[in-house]
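This report refers to the structure that appears directly beneath it.
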2 protein chains.
Amino acid sequence: MSEEIIELSERKKLILKAIIDSHIQNGEPVGSKYLSENKQIACSSATIRNEMAELEASGFLEQPHSSAGRVPSEKGYRFYVDSLMQQYSMTSTEIAELNKILASKHTEADGILESATKVMSVMTNYTGLTVRPKPTGVVVTRFDTMYVDDLCFALIMLTSTGEIKTKKIRSGFVLEMNDVKRIGEALNATLTNVDPDNINVPIMLELERRLDGLELLANPLVKIVYDLLRQGDGSELKYEGVNRLLEYPEFSDTEKLKHLLQAFDNKSGLLDVVSSAVGDDTNIIIGSENPLNEMNDSSLIFKTIRVGGKPVGAIGIVGPRRMDYARVCAVVKYIAESLERSMDGNMLSPPDNK
Amino acid sequence: MSEEIIELSERKKLILKAIIDSHIQNGEPVGSKYLSENKQIACSSATIRNEMAELEASGFLEQPHSSAGRVPSEKGYRFYVDSLMQQYSMTSTEIAELNKILASKHTEADGILESATKVMSVMTNYTGLTVRPKPTGVVVTRFDTMYVDDLCFALIMLTSTGEIKTKKIRSGFVLEMNDVKRIGEALNATLTNVDPDNINVPIMLELERRLDGLELLANPLVKIVYDLLRQGDGSELKYEGVNRLLEYPEFSDTEKLKHLLQAFDNKSGLLDVVSSAVGDDTNIIIGSENPLNEMNDSSLIFKTIRVGGKPVGAIGIVGPRRMDYARVCAVVKYIAESLERSMDGNMLSPPDNK
DNA sequence: TTTAGCACTCAAGTATTCCGAGTGCTAATA
DNA sequence: TATTAGCACTCGGAATACTTGAGTGCTAAA
């Protein structure tokens, strides 16, 4: 219950760090003999054994079975992440590579998030994920319409989040170019800056009045506007590179892998987890710290992406509990920041290559 | 080499079908004794054994090892699919359920494909996939622009495939509402119906002339138009419900699963496979019929989706080789056809519930 | 406080045995 | 000639026992 605060001696910290670093690399329990070869730890394996026993007693280590080496516990990882892990700084090659890939992808907000996720996945060799929160309180700031043909026109909406949403609409009857223009004007006059939940009878009546002659369209139009604002992009969570996880022995247990894949499918659950993490720093969720039981065997690192102060989504990495926290944090942070810089709308002038 | 055409006796067909049906259901080799319990096959296990031996000799069956039952070979599945399988007709409950889900998703083309894929995956309990081909020969038929703020405007393009693409553009300098309008006019006058690869110097000059005072924008604008037309939506292939495959013992072999997941990541490869299948009927690719080696242990069923005669994508199912071809075919076909009906642009009037 | 030494533990790999579902073949039967 | 009962045979998979060695905890000496 009450977490006893334990001060670890420098040597203990050194040993704990060495164990975690080693275990992150090869996934196997770490033994005292191996550690004694480490130049930094200047004592015999017997001493290390004693230290390890104490570290286990205070909950930082675990023993898979009585004659095996030690493995970090979740508490161990947490301590490592909070105070042991040394900041990983990406090599200039890595940075250059990242910049190249990010620069080549000048597509829509949606696309750029996805390709960034892919890059993250490749660079870290874990699974990358993208989250786009369900929009709330979003209103339309401007409507536009576009004549397509006799029976078809396009509705274009600029939302308060700065996104543009479009929808092709086929009407049941012939529309003149002028009609289409009028539809746009009517919408602009009645539905801008209106929360879709607050569309009431007076507004509807006004819309119908302005649509004079095209009243039939009023109801369906409102419905479409509502849907476009509410439904976001349909799927709010995407992941890339699940296959990478198969390389880690912890997921060769099919059951564990299944759990994880189920978590990926349970999009709303994962969405909640990400949304509820408010801090705009990098979030690290280790094993069972994750309220989603399916993800209790893996760790999650992500960072919210804000444009103009408002969160527009998040990107992150899912990997085994023993993932390379230092490196992943650095990569996620770097990519998230690059994205923030470039998502705000794309400069016409080439991006400043600092 | 030269495929000998073998006429199978009715009884052989019956036995083959029974074996495949059974194997599809429980994934295990089928023995003669089990088959002899089948009322339709009115003969002893010994006779069945003889028949099975012959079916194996002609390549329709295989024996995992000499003292096991028989398992369908790829040739067996092919024959089953081509001439044995009885058409599965969906129950009215299934149809009603499908309609409900499809109707509730009135989002963009992109979104509707994805949710349809999800539905397919849930209904069949295999992995669903969506493919959107790389656009070729697409041109812009109409441009529009929308003023966002001083420094930002939106570019809206109606393409020859009837899709609408948008892009928010932040300029390096202040733009009046009128400037934005002029940009649209300039683009409409110069770049409509021009293949992005054929944008040449005269066109560029004309664009610059018309942008009079905003020449700086000419080059970046062209680049953006080019990108939007070329890059499609970034990711052309999506899948849903990979975890479902883990339920099938054939994929508890991690290696096989890995292969398959790699195939999913090798988007361009899978894209080629789907694109090269021209027939607009349902395509069935069994095991090693698939040129993608990674998918030689699984089967793929998909159907191209055409809108106005032009293919706009495809949806399909990936599952183990022993997948329930009859049912999957029916579901894929039904969903594809529903999509074709509803993707062509959404009626304002409620869809005709036949 | 540290370390050398030693007895002990236990997972994982290897060898061996056993079981039975399912076969192919032969000889009897319809 | 086609079918069937009967029987010996095969071979993967489960169960069991045996071996190995990495790693431990503990004790006693430095």
Side-chain angles (χ1 to χ4, degrees), chain A residues 7-16 18-20 22-23 25-73 76 249-250 252-254, chain B residues 7-16 18-20 22-23 25-73 76 249-250 252-254:
Chain A
E7 266 307 314
L8 295 183
S9 70
E10 280 311 310
R11 193 171 63 188
K12 279 210 179 62
K13 284 185 191 168
L14 204 60
I15 290 174
L16 182 55
I19 291 176
I20 297 185
S22 157
H23 187 256
Q25 266 223 323
N26 45 42
E28 260 155 44
V30 185
S32 58
K33 197 175 164 194
Y34 168 83
L35 286 173
S36 68
E37 285 159 18
N38 185 322
K39 293 274 160 61
Q40 295 215 43
I41 306 171
C43 54
S44 75
S45 67
T47 312
I48 295 176
R49 274 204 292 285
N50 289 332
E51 296 282 58
M52 290 203 298
E54 286 174 39
L55 280 168
E56 186 178 358
S58 33
F60 293 97
L61 294 178
E62 281 166 0
Q63 223 173 356
H65 58 90
S66 73
S67 72
R70 296 311 204 292
V71 156
S73 68
E250 32 271 85
S252 60
D253 174 355
T254 325
Chain B
E7 267 306 315
L8 294 184
S9 70
E10 281 311 310
R11 192 170 64 189
K12 280 210 178 61
K13 284 184 191 169
L14 203 59
I15 290 175
L16 182 56
I19 290 176
I20 297 185
S22 157
H23 185 71
Q25 266 224 324
N26 44 43
E28 260 155 43
V30 185
S32 58
K33 198 178 165 194
Y34 169 81
L35 287 172
S36 68
E37 285 159 17
N38 185 321
K39 293 272 160 63
Q40 297 215 43
I41 307 170
C43 55
S44 75
S45 66
T47 312
I48 295 176
R49 274 203 293 284
N50 289 332
E51 295 283 57
M52 291 202 298
E54 284 172 40
L55 280 168
E56 184 177 359
S58 33
F60 293 98
L61 294 177
E62 281 166 0
Q63 222 173 357
H65 59 90
S66 73
S67 71
R70 298 308 205 294
V71 156
S73 68
E250 31 270 85
S252 60
D253 174 357
T254 325

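Note: hydrogens, waters and symmetry copies are ignored here, and every other heavy atom, side chains too, is used. Chain identifiers are assigned alphabetically (A, B, ...) following the order of the sequence lines, protein sequences preceding nucleic acid strands; residue numbering begins at 1 within each chain.
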* Asked: Atom CZ of R49(A) to atom C1' of dA22(D): distance rounded to whole Å?
  -> 11 Å
* Asked: Starting at the 5' end of DNA chain D and moving along, which residue's nearest nucleotide shows up first, S44(B) or A53(A)?
  -> S44(B)
* In whole angstrom, what separates M52(A)'s CE from dA22(D)'s P? -> 15 Å
* Under the 3.5 angstrom rule, does the side chain of S32(B) hit a backbone N or O of R49(B) as a donor-acceptor pair? -> no
* Please state how far atom NE2 in H23(A) lies from atom P in dG23(D), giving the value in whole angstrom units. => 13 Å
* Does dT24(D) have OP1 or OP2 sitting under 4.0 Å from an N or O in the side chain of S32(A)? -> yes
* **Nearest listed nucleotide, side chain of T47(B), among dT23(C), dT3(D), dT3(C)** => dT3(D)
* Asked: Is a donor on one side and an acceptor on the other found under 3.5 Å between the side chain of H23(A) and the backbone of P29(A)?
  -> no
* Please state how far atom CG in L35(B) lies from atom C1' in dT23(C), giving the value in whole angstrom units. => 14 Å
* To do: Considering non-hydrogen atoms only, spot the tightest contact between S22(A) and V30(A) and give its length.
  => OG-CG2, 3.4 Å
* Asked: How far apart are the C-alpha atoms of F60(B) and I19(B), what are their side-chain angles, what is the distance that settles it, and do they pass the side chain to side chain contact (heavy atoms under 4.5 Å, CB included) test?
  -> CA-CA 11 Å; F60(B) 293 98; I19(B) 290 176; over 6 Å; no
* To the nearest Å, how far apart are I41(A) CD1 and dT2(C) P? -> 14 Å
* To do: Using only side-chain N and O atoms of S66(A), determine if any of them is under 4.0 Å from OP1 or OP2 of dT24(D).
  => no
* Asked: If each of S67(A) and H65(B) is mapped to the nucleotide of DNA chain D with the nearest heavy atom, which maps nearer the 5' terminus, i.e. the 5' end?
  -> H65(B)
* Can you find a side chain N or O atom of R70(A) that sits less than 4.0 Å from OP1 or OP2 on dG23(D)? -> no
* Asked: Reckon R11(B) has a side-chain N or O less than 4.0 Å from the OP1 or OP2 of dT3(D)?
  -> yes
* Structure fact -> The answer to which of N50(B) and S45(A) contacts DNA chain C further toward the 5' end, by nearest nucleotide, is S45(A)
